[in-house]
Amino acid sequence: MTETHTPAPKPSADVRDSAFLRACRRETVPHTPVWFMRQAGRSLPEYRKVREGIPMLESCMIPDLITEITLQPVRRHKVDAAIYFSDIVVPLKAIGVDLDIKPGVGPVVANPIRTKADLAQLRDLTPEDVPYVTEAVRQLTAELGGTPLIGFAGAPFTLASYLVEGGPSKNHEFTKAMMYGEPTLWAELLDRLAEITAQFLRVQIEAGASAIQLFDSWAGALPLQDYRASVMPASAKVLDAVAGYGVPRIHFGVGTGELLGAMGEVGADVVGVDWRVPLDEAVRRIGPGKAVQGNLDPALLFTPLETLRAKADEVLTAGRAAEGHIFNLGHGVMPNTDPERLTALVEYVHEASAR
Ligand code: CP3
């Protein structure tokens, strides 16, 4: 991995002073900032319109389209942060891994990684592999004005799960077979993925992203002890690699109630929490010195407005136990969510948390 890198561009005063970045830094905020995982995507008719006839992975390589899709939820919902439109498998595609994103299924890998020889599919990523990322992030930071842009990547464990299984998996059985049965091969796979992921995040930060989120969506499949032994070193390597830029690092997974402390320790400034653990309890598990992000159940967007507001209040109240709180869902927006509900929720969170 190249250790020489250019410093991140200095964000504008407006971005630096945004409610989102202030909450990440555990400073006082005018209102609780809010954005949604998967805010850019299929719940929006304007998204479906611009994506018409363009396969998912192709759309992640067209700077003007990336910029438009990233901006759509910011315009519509007035969220406090944009998330860069891409997918966790884009860096793998960029280094030549034969994979596709199948509609309604997710990432599918042609030749799953199961042996040492299969590791040859994973070479290092260079900025030249992803010129569209640099271009789109630059366009976006110019267009977004005072709204911060979050860059992101998949964490080594979650990427490994797609690569080893060959596609989405409920039980992660081949992944666990390698992790427990071939620890040396597993460590080598995760280490390679850590290097690729770190490089992909560097490209986004050096082009102007003002925070990053590392998605370890499927880490909750592991018990704490095994997460610590077999996953943490690679995630720590990724988060350490970008620590020097000074941009906040958010670390999120699903079903990670038992792992929250470790996910903070690994080098996150903000720990993402799904809906299963109330935020005050999450804060107790994570310990001092971190902000939290979350954690409304995305299914609650289907309830009557009064119920949604009451549940949002519960999240805001529990979130006051944190040194910094960014309101979000406990996982991504579901495709059949009514976008007007999301807009109403943003408005409500801003109103109810104004101070
Ligand atoms: O708005 C945003 O959050 C930014 C865009 C984003 C996408 N994927 C776009 C996308 C982000 C942050 C991701 C991350 C991602 N991708 C994760 C981690 C977050 C999580 O949800 O746990 C994971 C596990 C993936 C892998 C992946 N890609 C899945 C499971 C799917 C859904 C498959 C399906 O169709 O049900 C994808 C495809 C995908 N990624 C879509 C979008 C908008 C849908 C593609 C389409 O519109 O056809």
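Keep in mind that this is a model prediction, so the values were computed, not measured. Read the numbers this way: they start at 1 and go in the same order the structure lists the ligands and their atoms.
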Tell me, which protein residue and heavy-atom name are nearest atom 5 (C) of ligand 1, and how many Å apart are they?
-> S86 O, 3.7 Å

F36 touching ligand 1 at heavy-atom level, < 4.0 angstrom = no

Determine, stepwise, if the pair Q293 / Q213 fulfils side chain to side chain donor-acceptor pair (under 3.5 Å).
-> CA-CA 11 Å; Q293 178 175 280; Q213 177 153 328; 3.0 Å; yes

If you measure from CG on L71 to CZ on R76, what distance do you get to the nearest 0.5 Å?
-> 14.0 Å

Considering the heavy atoms of I101, write down every atom of ligand 1 situated less than 4.0 Å from one of them.
-> 38 (C)

Of all the non-hydrogen atoms in the protein, which one sits nearest to atom 10 (C) of ligand 1, and at what distance?
-> M56 CE, 3.3 Å

Between H251 and D269, a side-chain donor and acceptor under 3.5 Å | no

What do we get for Q213 next to ligand 1 when only non-hydrogen atoms under 4.0 Å count, side chain, backbone, both or neither?
-> neither

Distance to 0.1 Å, residue and atom name: give those for the protein heavy atom nearest to atom 36 (O) of ligand 1.
-> R42 NH2, 3.5 Å

Does F252 have a non-hydrogen atom less than 4.0 Å from ligand 1?
-> no

State which residue, out of R123, K237, R202, fulfils the salt bridge (Lys or Arg N to Asp or Glu O under 4.0 Å) condition with E195.
-> K237

Shortest protein contact, atom 18 (C) of ligand 1 (heavy atom only) = S217 OG, 3.2 Å

Short side-chain to backbone donor-acceptor contact, D226 and P223, under 3.5 Å | no

Please determine if G106 has a nitrogen or oxygen closer than 3.5 Å to a nitrogen or oxygen of ligand 1.
-> no

Of all the non-hydrogen atoms in the protein, which one sits nearest to atom 24 (C) of ligand 1, and at what distance?
-> Y162 OH, 3.4 Å

In ligand 1, which numbered atoms sit nearer than 4.0 Å to a non-hydrogen atom of F215?
-> 12 (C), 18 (C), 19 (C)

Mark yes or no: R114 above the aromatic ring of F174, with NZ or CZ under 6.0 Å from the six-membered ring centre and no more than 45 degrees from the axis.
-> yes

Can you see which heavy atom on L159 is nearest to which on L92, and at what distance?
-> CD2-CD1, 4.1 Å

Which of these, V90, I88, I150, has its nearest heavy atom closest to atom 23 (C) of ligand 1?
-> I88

Top protein contact for atom 39 (C) of ligand 1, by heavy-atom distance | D87 OD1, 3.7 Å

For ligand 1, note which part of V105 has a heavy atom under 4.0 Å away: side chain, backbone, both or neither.
-> backbone

Using a strict 4.0 Å cut-off to heavy atoms of Y47, name the atoms of ligand 1 that fall inside it.
-> 43 (C), 46 (C), 47 (O)

Donor-acceptor contact present, side-chain E165 to main-chain T175, <3.5 Å = yes

Quick one: are the ring centres of F20 and F327 less than 6.0 Å apart?
-> no

Check: V74 and K78 side chains under 4.5 Å, non-hydrogen atoms | no

Go through ligand 1 atom by atom and flag the ones less than 4.0 Å from a non-hydrogen atom of W218.
-> 24 (C)

contact_flag P335 ligand 1 heavy-atom lt 4.0 Å | no

Does the side chain to side chain contact (heavy atoms under 4.5 Å, CB included) test come out yes or no for I83 and W35, once each step is laid out?
-> CA-CA 8 Å; I83 181 154; W35 70 278; 3.8 Å; yes

min-distance protein heavy atom vs atom 29 (C) of ligand 1 -> R38 NH2, 3.5 Å

Verify the distance criterion only: is there a donor paired with an acceptor across the side chains of Y162 and W218 at less than 3.5 Å?
-> yes

What atoms in ligand 1 come closer than 4.0 Å to a heavy atom of M37?
-> 3 (O)

Atom 21 (O) of ligand 1: closest protein heavy atom, distance to 0.1 Å, is H331 NE2, 3.1 Å

Salt bridge R75-E68, side-chain N to carboxylate O under 4.0 Å = yes

Report yes or no: does a heavy atom of P107 sit under 4.0 Å from some atom of ligand 1?
-> yes

For ligand 1, which atoms sit closer than 4.0 Å to a heavy atom of G104?
-> 34 (C), 35 (O), 36 (O)

